[in-house]
Each structure stands twice: as C-alpha cells, then as structure tokens.
Amino acid sequence: MSKFTGTAGQVLEAEKPSVFSILKEWGIHKGVVAALVNGKPTDLRTVLFFDAVVEPIMAESEEGLHVLRHSASHLMAQAVLHLYPGTKVAIGPSIKDGFYYDFELPVPISEEDLAGIEEEMNKLAKAALPVERLEIPRDELLVNYEAAGEVYKAELVADITDEKISVYRQGDFEDMCRGPHVPDTSFLKHTKLLSVAGAYWRGDEKNIMLTRIYGTAFADKAGLDAYLKRMEEARRRDHRKLGRELDLFSIQAEGPGFPCFHPKGMVVLNNLVDFWRREHIRRGYCEIRTPLILDKELWVRSGHWDHYKENMYFTEIDEKPYAVKPMNCPGGLLVYKSSLKSYRDLPLRMAELGIVHRHERSGVLHGLMRVRCFTQDDAHLYVTPAQIKQEILGIMDLTRYVYRDVFGFNYHVELSTRPENAMGSPEMWEKAESALEEALKESGVAYRINPGDGAFYGPKIDFHLEDCIGRTWQCGTIQLDFQMPERFDITYVGPDGAQHRPVMLHRTVLGSLERFLGILIEHFAGAFPYWIAPVQVKVIPVKPELEEYARKVETQLKSWDVRVEMDLRDEKLGKKIRDAQMQKVPYMLVLGEREMSEGTLSVRDRTSGDLGTMTPEALREKLGKEFDPRH
RNA sequence: GCCGGCGUAGCUCAGUCGGUAGAGCAGCGCACUCGUAAUGCGCAGGUCUUCGGUUCAAGUCCGAUCGCCGGCUCCA
C-alpha cells in the first residue's frame, strides 16, 4: 500500500493505483490532462507504487495547454504519416500559443493541404486512441529508427546517453518523447492547423530544410475561437496595413527595405524626436551628427571590416574605397578624438540620431520592423571605469521612463553575452559581462541571459517590446565596450595629469525610429495619443456655407499649435465624421449654424463620441490638459 | 539567402474550360444644402509585376525575374 496526498489535504491509501484513479477518487479528475506527482509532470495512466503528493494539471492551465499541444503535435504527425506515407518525422514540440512538427515529406505541401490533415486528425481524435508510455532500451530504439530510415529520430537518439528512452504510442504511431501526454486522443478535439513553412533541421542553415506545420490546440472550442479571434485582431492592427490606411509611410518595390515616410508619418516621427531630444538634454546628453559615408580604412580600424562586412554597403569616391555606415560608433569616436578630453568631461554623453544602412537578407524584411536603412537613437557614453554602473543605471531609468511611463509598453530585458565572432580577449569579455550583470542586479529588474548574442565588440543588455501578436522586437540596447577605445586609442587626462583610457557605452532607447514607429502603430492600433497624433483635431463644417467660420476656427487652433485639418468636402456630416473616425483623429469639431451664431464648437471625441458644445477657450483648456511628456 | 504561397485600377477583390478585363471604395464632375460612423447620378482610371516560351489565341498554361506574405536562419 502506498499513501497519496492531495494539495487540498486529500489522503488516499491504495495498491498501485493509476494517477487518474487517485484524482477520480478525490473527485478532481474533470478537465485534467496530466498531473504533478511529487512535482514531476506525469501521465494520468502512470501507475504509482510509492508514496506521493499528487496534483492535477488542468487543461486550461499553462502546463495543461503545453501537454495538450504537445499531444496535438503527435496527433498531427500521425495524421501526416497516414496521408503521406514515406514521410520522415523530425521534432514536434509545443510552443507559445501552439505547436509545430517538422517533417521531410515525399511531396511538397501547401496550406491547402492542411484541411485534409485536420480532417484526419479529427478522425483520430474521435477514435479516442489510448496514448501509452513505453520504456525502450536506447540501443534498441536507435537500431529501430535506423532500420526504419528515420534519420532524424536516429540522430536525436544518438545524442542521448540514457539507458532507456520513453516512447509514446497511440494506435499505429510511436514517437520518442519525454511526455507527459493526454491519456487518449479524444482530448484533442479542438485543434487547428495554421500554416506551413520551411525550417532548417536543428535550426542550422547548413542543414536540409524540412517542412514545418504550425498548429494550435485548446481545451475547448471557446478557447480556440478566442485565439483565432485574437489573431484576426492582430491582423487588423498590422502596422503595414495601418501605415497605408493612415497614409503614414510606404515601402516601394524600387526600394525594398527602404521606407518612405509620408507627411503624416513624419509628424509622428518629428514629435517623437522632439520629445527624445528634450529628454536627453534634461539628462545631460549633448548631440552630434556624423557622416553617412566614411573611408573604408576607418571600418578596418573599428573591426567592422572583419566582423560586419557582410552587412555593409560599399562605394567609391575618387577611386578610393568608402563604406556606408552600418553603425554610428566609429564616427562618434572621431568626434571624441577631435579634441583633448579631461576627466572633468566625463561622463561624456554624446547622442546621435544616426541613419545607418545594413544589408539584411531579402527574406527577413518586414514592414518597418526590419528594414535596410534606419535611424538609431544612438548615444555613446565615454566614462571612467568607476562610472560604468551609475551610467548603466541612468540609461535603464531612461528606458523605463520612455517605455512604461510615456507609452505604456510591456517589455523584458535580456543580457546578451559573448558571440562566436567576438573581438578582444576573453578576460575583457568576462569583465564587461559581469559589469553589466552587476548593474542589472542593482536595478532590480528581472532579466534572462541570451548566450552568444552580444555585439562583436561587447556584451549588451537588450530591451524587447511586444508587438500586437506577441512577437517581441529588440528596441533599446546597452552595450559595454572596452575594444573601440583601444582600437581608436582614445584617452582623457586624469587628475594625475596622465593619459587614461575611457570605457565606452553604446546605447539606444527607442532602438530605431522606424521599428519603434511600427510598434507604436500596432500598440495603439493607429489611434495615437493626442500629443503624437498626425492630426489632432478635424474641423467639420456641417455644410459648405460654413466654410468661413470653419477657417476662423482653424486659424485659432493653429495659433495654439494644434495640428488641425479641415474637411471642406461637399459631403454629408455623417460621412465626414466616419472618415475622421477611421483616420483615428482624436477630436472632431462639428460646426453648424448654431455654433457659428454662438461662436462655439461642438466637440466629438474619437472614443467617447459627442461631448456637446463648448467655447473655444474651454476647448483650449481641455487640449492643454492632454498628456504630453514634453510639458 | 532558404522552404512554401501570392502578384489584375490608388485600395480591397471578381475574372468559369485559354477566346482579347469587371465591381466596390478612393479620385474627378454634376445635382442635393445637409447635425455626430458611408446622399445620388455620371466620368475617368489597367502594357493583368517584368521578360521569355507553348498556342490560331495567354490575366488564365510553362519557365525565369522582381516584389510581397508566412516561416527558418540572421538582426535594431
């Protein structure tokens, strides 16, 4: 007899019960997909012969969905093998919001084929095939996979040293897997296949490209429907679609990855930059601007030639080689070196809205999020070693202020460490990495380590913002660099009168104006906050005869620095309101005979609708209270 | 760059079996003189991405090209 304890104080003594029977005995078996046995995820079918604490994993919980989706990936693999005999299976994990499975298929498939696979999955789900766990000796499994021509599975087994490997079987399908899984396939009735894509075996582009099918699974229909609806909402917010509809920017075939900003997009960018500049001045930064094109020799000296050439564009001037800058630091260093620096100048915070060009591979371009020319809100801080931590904390404070307080974003922080093509000694890297980590710890923010993702000249702290469908984009970054100061032999005169080497911090807050704008568009679904909206107020006369009064109102608003547009088209009021709403203009002023005779305005808010009439002064006061980080 | 898909009017999309291109919105004109999310009528707008091939005939079939979309790899 073994003794089992539940988390709500349940107790049970039984002889070799299954996990499921224990939960059933306690009456908590409904909606359960697996269980934690002494904290370890376990199948419901598993038979226990030792004392244990047993806790259910509910289908709707995060772990439950993980189990469900992982099982769904097996179900999909089974269906694919039925429909496409000869398919080799690779790996099929659960991921955020769903799952995928990679296959080598005998024939290419497209999204049109997904319906057929779904149908087969539903058939298998209905059949309620028991999902059983087997323990197979490693060597036997390896031989079996090799004999079956399952080269990918064989490769995976070859890397495992355990004596026994667990395999899950459902009907005619078996897959090596840690589990746990649902007890039978009837748990997998709410699945949806989403897309098919290519994916390199083991994520290495030197390897063969497999076919990956993405899908998702939920505990019930409501969960699945809610997810599909959320995806739809995400598409509605896509910055590429809104960018066109709101006439913010365009990217033409003549310039792939090189966006054109339209007048309205420029208003947003200019306000953003205006805010950025004020905030930096407040925080003790100065601003510089360096050339887009500089002598190739500079890039050899900086190490970019050796470490970043593939991403650079080159040109020639008077038969001498030049490069288009992919980063701003070398130019900034030239400015630093242009005069003698004293310790009294440090920390020296030199900001630059630098336009950089980088050759990005064609397949990675994505609206404003991934482009080939972008404006970094860059800054280089030249500091003494003793000032490093304090300056990093200062940048983190600025970042928190901009992301959270000004725009209301969620973000997370990563520490990216030494990459493969790193420049400089391992000791320097260790020193730099621990300095960053120390600052992170002191700041108290949660962070995770992103190994091998540092810049070639130093480790970095990265700030990631979420877009509308939960994809995250790196925006801000703080990079600690001992290399460039050496390479460029920059110095400052210390209090002792001797030459000392400063340390360099590279950092951005917004990251790139382009990407940040893309994220702003999606975050606000195009309805920008008042202070940054391209058009803040739309003046709408009820009929053409009121043009004169409308012009008067327009002039008055302009004199208050309000960005105002008039709609003088010979259209019905409803139409003009609708158009202004769709352009997401924060305020609409409806002007009719009544307003003209009283000298008032009828104000409509884009979210709450008609606010009634007010005097121009009252409107001015109201607009003056709108949030603006520059005030 | 790689895998798969898609390119028809400014935008969103029809276009059957290969027979010589159509709608809505936007634009322009006219009428309506209008009160909080689409007034009506008319006009104009296309080398069907581009180049080549098959065919009596190609938007439609085939190949390439450029671009875009979803991923992978790579990155702000």
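So that the names make sense, note that chain A is the first sequence line, chain B the second, and so on, each numbered from 1. Computed from a predicted model, the values in this text were never measured in an experiment.
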> Strictly by modelled atom types, are Glu598(A) and Thr613(A) linked by a side-chain donor-acceptor pair under 3.5 Å?
Replying inline: no

>> In this structure, how many angstroms lie between the P atom of G70(B) and the CD1 atom of Ile109(A), rounded?
In response: 19 Å

>> Would you measure the distance from the P atom in A38(B) across to the matching atom in G19(B) and give it in whole Å?
In response: 41 Å

>> If we count only N and O atoms by modelled type, under 3.5 Å, do the side chains of Glu111(A) and Ser195(A) hold a donor and an acceptor together?
In response: no

>> For His357(A) and Tyr313(A), take the angle between the two ring planes, folded into 0 to 90°, and tell me which bin it lands in: parallel under 30, tilted 30 to 60, perpendicular over 60.
In response: perpendicular

>> Can you tell me whether the side chain of Arg370(A) and the base of C75(B) have a donor-acceptor pair closer than 3.5 Å?
In response: yes

> Considering only heavy atoms and no angle criterion, is a donor-acceptor pair shorter than 3.5 Å present between the side chain of Glu360(A) and the base of G1(B)?
Replying inline: no

> Which part of the nucleic acid does Val371(A) contact within heavy-atom distance under 4.0 Å: base, sugar-phosphate only, or nothing?
Replying inline: base

>> Can you classify the ring geometry of Tyr308(A) versus His304(A) as parallel (below 30°), tilted (30 to 60°) or perpendicular (above 60°)?
In response: perpendicular

> Looking only at atom C1', what distance separates U8(B) and C3(B), rounded to whole Å?
Replying inline: 27 Å

>> When the P atoms of A58(B) and C2(B) are compared, how many Å lie between them, rounded to an integer?
In response: 32 Å

> When the distance from OH of Tyr100(A) to C1' of G70(B) is rounded to whole Å, what number comes out?
Replying inline: 16 Å

> With respect to the phosphate group of G70(B), does any side-chain polar atom (N or O) of His366(A) fall under 4.0 Å of OP1 or OP2?
Replying inline: yes

> For G45(B), which nucleotide in any strand shown is its Watson-Crick or wobble partner with both distances under 3.5 Å?
Replying inline: none

>> Which label fits His307(A) and Phe456(A): parallel for a plane angle under 30°, tilted from 30 to 60°, or perpendicular past 60°?
In response: parallel

>> Rounded to whole Å, how long is the line connecting atom NZ of Lys206(A) with atom P of C74(B)?
In response: 10 Å

> Regarding Glu595(A) and Tyr549(A), is there a side-chain donor-to-acceptor distance under 3.5 Å anywhere?
Replying inline: no

> When the distance from CD of Glu205(A) to P of G71(B) is rounded to whole Å, what number comes out?
Replying inline: 18 Å

> Phe409(A) vs Tyr403(A) aromatic rings, parallel, tilted or perpendicular, using cut-offs 30° and 60°?
Replying inline: perpendicular

> Counting N and O atoms only, with roles assigned by atom type, does the side chain of Glu433(A) sit under 3.5 Å from a partner on the main chain of Arg418(A), one being a donor and the other an acceptor?
Replying inline: yes

>> Could you check whether Arg551(A) pairs with Glu547(A) (Lys NZ or Arg NE/NH1/NH2 to Asp/Glu carboxylate O, under 4.0 Å)?
In response: yes

>> Students often get this wrong, so: under 4.0 angstrom with heavy atoms, is Gln583(A) touching a base, only sugar-phosphate, or nothing?
In response: nothing

Could I get a table of every N or O pair under 3.5 Å where one atom is in the protein and the other is in nucleotides 14-16 of chain B?
none

> When you measure from the centre of the six-membered ring of Phe99(A), is the NZ or CZ of Arg69(A) under 6.0 Å away and within 45° of the axis?
Replying inline: no

>> By the 4.0 Å heavy-atom rule, please label Gly592(A) as base, sugar-phosphate, or nothing.
In response: base

>> Does Arg578(A) contact U36(B) through a side-chain donor or acceptor facing the base, at a distance under 3.5 Å?
In response: no

>> Below the 4.0 Å mark, does C72(B) have OP1 or OP2 next to a side-chain nitrogen or oxygen of Tyr214(A)?
In response: yes

>> Strictly below 4.0 Å: does Gln581(A) bring a side-chain N or O up to OP1 or OP2 of A37(B)?
In response: no

> Within the pair Thr211(A) and C3(B), is there a side-chain N or O less than 4.0 Å away from OP1 or OP2?
Replying inline: no

> Does C13(B) have a Watson-Crick or wobble mate here (both distances under 3.5 Å), and if so which one?
Replying inline: G22(B)

> With a 4.0 Å cut-off on heavy atoms, is Gly363(A) in touch with a base, just the backbone sugar-phosphate, or nothing at all?
Replying inline: base

> Of the nucleotides A76(B), C68(B), A37(B), which has the atom closest to the Gln479(A) side chain?
Replying inline: A76(B)

>> Is the distance between the ring centroids of Phe314(A) and Trp305(A) under 6.0 Å?
In response: yes

> Could you go step by step and tell me if Lys460(A) and Asp462(A) meet the salt bridge (charged side-chain N to carboxylate O under 4.0 Å, His left out) rule?
Replying inline: CA-CA 6 Å; Lys460(A) 53 185 189 162; Asp462(A) 291 326; 3.7 Å; yes

>> Applying the salt bridge (charged side-chain N to carboxylate O under 4.0 Å, His left out) criterion to Asp238(A), which one of Lys241(A), Arg236(A), Arg240(A) satisfies it?
In response: Arg240(A)

> Taking atom types as modelled, is there a side-chain donor on Gln556(A) or Arg620(A) under 3.5 Å from an acceptor on the other?
Replying inline: no

> Please give, in whole Å, the distance from C72(B) C1' to Arg361(A) CZ?
Replying inline: 10 Å

Write out a two-atom table: protein N or O, nucleotide N or O from nucleotides 8-12 of chain B, distance below 3.5 Å.
residue : atom : partner   : partner atom : Å
U12(B)  : OP1  : Arg244(A) : NH2          : 3.0

> Picking from A76(B), C72(B), C34(B), which would you name as closest to the side chain of Ala199(A)?
Replying inline: C72(B)

> How far, in whole Å, is U60(B) from A14(B) if one measures between their C1' atoms?
Replying inline: 14 Å

> Can you name the one residue among Glu626(A), Lys538(A), Gln536(A) that meets side chain to side chain donor-acceptor pair (under 3.5 Å) with Tyr587(A)?
Replying inline: Glu626(A)

> Quantified in whole Å, what is the P atom distance between nucleotide A26(B) and nucleotide G7(B)?
Replying inline: 26 Å

>> Does Tyr200(A) contact G1(B) through a side-chain donor or acceptor facing the base, at a distance under 3.5 Å?
In response: yes

>> Are A76(B) and Phe374(A) stacked, with the base six-membered ring and the side-chain ring centres under 5.5 Å apart and planes under 30°?
In response: yes

> For Lys572(A) and U36(B), what is the distance between atoms NZ and P respectively, to the nearest whole Å?
Replying inline: 12 Å

> Hey, does the side chain of Arg240(A) come within less than 4.0 Å of C69(B)'s phosphate (OP1/OP2), counting only N and O?
Replying inline: yes

> Contact class for Glu514(A) (heavy atom, under 4.0 Å): base, sugar-phosphate, or nothing?
Replying inline: nothing

> What is the nucleic acid contact for Asp462(A), judged by heavy atoms within less than 4.0 Å: base, sugar-phosphate only, or nothing?
Replying inline: nothing

Between the protein and nucleotides 26-28 of chain B, list the N/O to N/O atom pairs that are separated by less than 3.5 angstrom.
residue : atom : partner   : partner atom : Å
A26(B)  : OP1  : Lys575(A) : NZ           : 2.5

> When all nucleic acid strands are considered with a 4.0 Å heavy-atom cut-off, which category describes Ser362(A): base, sugar-phosphate, or nothing?
Replying inline: base

> NZ of Lys543(A) versus P of U33(B): gap in Å, rounded?
Replying inline: 10 Å

> For Leu365(A) and G67(B), what is the distance between atoms CG and P respectively, to the nearest whole Å?
Replying inline: 9 Å

